[in-house]
Each structure stands twice: as C-alpha cells, then as structure tokens.
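Shown next, in structure tokens, is the structure this report addresses.
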Number of protein chains: 2
Amino acid sequence: MDADKVFKALADPTRRKLLDLLCERNGQTLGQLCENLDMARQSATQHLQILEAANLVSSVRRGREKLHFINPVPLHEVYERWVRKFERQRLSLLHDLKKELEGKQP
Amino acid sequence: MDADKVFKALADPTRRKLLDLLCERNGQTLGQLCENLDMARQSATQHLQILEAANLVSSVRRGREKLHFINPVPLHEVYERWVRKFERQRLSLLHDLKKELEGKQP
DNA sequence: AGAAGATGCAGATAAATACCTGCATATCAA
DNA sequence: TTGATATGCAGGTATTTATCTGCATCTTCT
C-alpha cells in the first residue's frame, strides 16, 4: 500500500464524497456520480483517477460506460497502521501531560 | 471534529512523521522534533500548527520550551466515521462486481 | 451511415501548500 | 546584565492542486 497516496486521496472533500456515494450504491457510472457533484465531468474524472491510483476505487469499462467500485482494503490498512497504533496509548496521555507539568514546576 | 482539517493534516508525510515521533515519545519540544526532520525549524512549526488546528496535537509552554502531546481522539473519530462504514460492505464487493458484469453481458 | 451519448485527453489558470530566509521576542544561566 | 538558547512572526517563492474549457474518441441506437 502506498500510504501517501491513500492519505492524499482522502484529503479532498470531493473525493470523500465520491467514496460516500459509492458506499451508498456501488458500481455507479461517471455520469451518475457527476449528478451529485456540482463540478465539470472532467474534474470528477481527475478525482476518480486519484482514488484509483490510491487503490481506493476500481473501475470496469462496460460499453461506453465506466463503472466504479469502492475498495475498502487500503482504508483498513490505514486503520491498522495509524489509528490502532495511536489508540494504544490513548489512556496514558493525560497521565503524560500531568506528569510533565508536575515534574518540572516547583 | 472538523474532518477536513484532520484529513488534510494527515495528508503530509512530514506531519505523519511528527505524529510517529510523538507516539514514540510524548511531550517532545519543538527542537527535539526538529532533530529528526531535516527541514528548517520554522517549517516544522508550521506543520505542528496544522496538527494543532486539527486537534491531533496539543502543546504546553514550559519556560522557553514548547512541549507537544499527541491526541488520538480525532483519529478515532475518523475511524468511526470512515473506516468502519466502508468495512461493513467489505465482503459484498466482489459479489457486486461479479453480479454487475454477469447481468449485463450475454 | 449518422446522430446522440459517455467518456478520454490536453492545455490554461487561480488558489493552496510547503519551503525558505531574516529578524524579533522571551527565557535561562553564568 | 549578558550571552546563549528556544521559539515566534512576516514575507517571499516554487511547486502542487483543483478546476475549467475545448476538442477527440468510442459506443449505441435508429
């Protein structure tokens, strides 16, 4: 997984909306997705290309249409790599802060 | 939580490295963090400000030093809002794709 | 074949982003 | 107090990014 591509893909609200739309109904065409977007079709295409490069979306050509499918695997890997790691110390943080402040002031 | 700020904060590799560094040792000063970064101190400051604006990092002034602490709460909320949602349909995706292709071709 | 529909490709541009340098301020320690 | 240390602030710049417009290509349907 290219974590940088995944994070950068998720950084844009339009692309997160595209993922939301595909989550509601998987396998939508470019045209269908554009109906919910309020921007030029060509712009949406670029966003979808970024999502594909991050492996968050796969597409299949069917005739003159292009169908898009969400792929949750990279998101799961982001979770494993990032969220769980930081959650492990969740409970110790207030302790760290308190100790730090107490230990150095009279 | 401002999801957009959180995602944009995580989109930069330097900022993710800062979170990693704070995960290894919480409560580091700006100077300590800079030793691991290979960029001007002022640049690191800007990254830390973005992390603070996203509430991923908190800081406390102690004399002439500034201590930084990681805050995992926004990451957890990102997980709840994003990762779990998409994971729920994880198993159905290959099915969706297969059905889509089969149903429309002779 | 020809028209309509869906998507692809390329170049232009305005805004956002990540850096930097230079100088200012505040704190500690001798 | 004075020098050294840690951080803050402001401005400048080069790169990246998001978006658009215009035109091309490829299917489908009549």
Side-chain angles (χ1 to χ4, degrees), chain A residues 2-22 25 27-54 56-69 100-101 103-106, chain B residues 2-22 25 27-54 56-69 100-101 103-106:
Chain A
D2 186 332
D4 197 59
K5 283 188 182 174
V6 174
F7 280 113
K8 286 198 165 128
L10 293 172
D12 184 89
T14 299
R15 292 193 286 269
R16 293 197 299 276
K17 180 163 187 179
L18 281 168
L19 291 179
D20 273 338
L21 290 170
L22 289 178
R25 184 152 54 99
Q28 293 189 66
T29 67
L30 174 59
Q32 290 174 324
L33 292 169
C34 282
E35 286 172 11
N36 297 284
L37 275 194
D38 193 42
M39 67 174 50
R41 170 185 55 82
Q42 292 89 335
S43 306
T45 297
Q46 289 185 328
H47 285 299
L48 285 165
Q49 284 171 345
I50 290 171
L51 289 170
E52 285 201 55
L56 286 161
V57 164
S58 303
S59 64
V60 177
R61 199 70 193 254
R62 189 185 63 195
R64 60 182 165 182
E65 294 178 323
K66 190 175 183 182
L67 308 181
H68 298 82
F69 297 86
E100 192 61 39
L101 292 173
K104 307 299 175 75
Q105 286 178 354
Chain B
D2 186 332
D4 197 59
K5 282 187 182 173
V6 175
F7 280 113
K8 287 198 166 127
L10 293 172
D12 185 90
T14 300
R15 292 194 284 271
R16 292 197 301 276
K17 181 164 187 179
L18 281 168
L19 292 179
D20 272 338
L21 290 170
L22 289 178
R25 185 152 53 99
Q28 293 189 65
T29 68
L30 173 59
Q32 291 173 322
L33 293 169
C34 281
E35 287 172 10
N36 297 284
L37 276 193
D38 193 40
M39 67 173 52
R41 170 185 56 81
Q42 291 90 333
S43 306
T45 298
Q46 290 184 326
H47 285 299
L48 285 165
Q49 284 170 345
I50 290 171
L51 289 169
E52 285 201 55
L56 286 162
V57 163
S58 303
S59 64
V60 177
R61 198 72 193 251
R62 189 184 65 194
R64 61 182 162 180
E65 294 176 325
K66 190 174 184 182
L67 309 180
H68 297 83
F69 297 86
E100 192 61 39
L101 291 174
K104 307 300 175 75
Q105 288 179 352

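For the numbers below, each heavy atom of this structure counts, side chains included, while hydrogens, waters and symmetry mates do not. Computed from a predicted structure; not experimentally measured. Note on naming: letters A, B, ... go to the chains in the order of the sequence lines (proteins, then strands), and numbering restarts at 1 for each one.
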A:Val57 and A:Leu18, any side-chain heavy atoms less than 4.5 Å apart: no

Which residue lies more 5' along DNA chain D, comparing A:Ile50 with B:Gly31 via nearest heavy atoms: B:Gly31

Taking the side chain of A:Asp12 as its heavy atoms from C-beta onward, which of D:dA18, D:dG8, C:dC19 lies nearest to it? D:dA18

Identify whether the distance between the nearest side-chain nitrogen and carboxylate oxygen of B:Arg25 and B:Glu35 falls below 4.0 Å. no

Report the nucleotide, chosen from C:dT21, C:dC19, D:dT7, that has the shortest atom-to-atom distance to any side-chain atom of B:Ser43. C:dC19

Which nucleotide wins on minimum distance to the side chain of B:Thr14, given the candidates C:dC19, C:dT7, D:dG8? C:dC19

By nearest-nucleotide position on DNA chain C, the 5'-leaning member of A:Gln49 and B:Asp38 is A:Gln49

Where the side chain of A:Lys8 is concerned, which of D:dT17, C:dG8, C:dA29 is the nearest nucleotide? D:dT17

Selection from D:dG8, C:dC19, D:dC23 that lies nearest to any side-chain heavy atom of B:Arg41: D:dG8

State which of D:dT7, C:dT21, C:dA4 makes the closest approach to the side chain of B:Gln42. C:dT21

Among C:dC20, C:dG8, D:dA18, the nucleotide that comes nearest once only the side chain of A:Lys66 is considered: C:dG8

Closest to the B:Arg64 side chain: C:dA18, C:dC28, C:dT7? C:dC28

Going by side chain to side chain contact (heavy atoms under 4.5 Å, CB included), B:His68 matches just one of B:Val60, B:Thr29, B:Leu30. Which one? B:Leu30

Hey, could you give me the CG/CZ distance between B:Leu51 and B:Arg15, rounded to the nearest 0.5 Å? 6.5 Å

Compare the minimum distances between each of D:dT7, C:dC19, C:dT7 and the side chain of A:Arg61, then state the nucleotide with the smallest one. C:dT7

Nearest whole angstrom, please: distance from the P of D:dT13 to the CD of B:Gln46. 16 Å

From the set D:dT5, D:dA18, C:dA6, return the single nucleotide nearest to any side-chain atom of A:Arg15. D:dA18

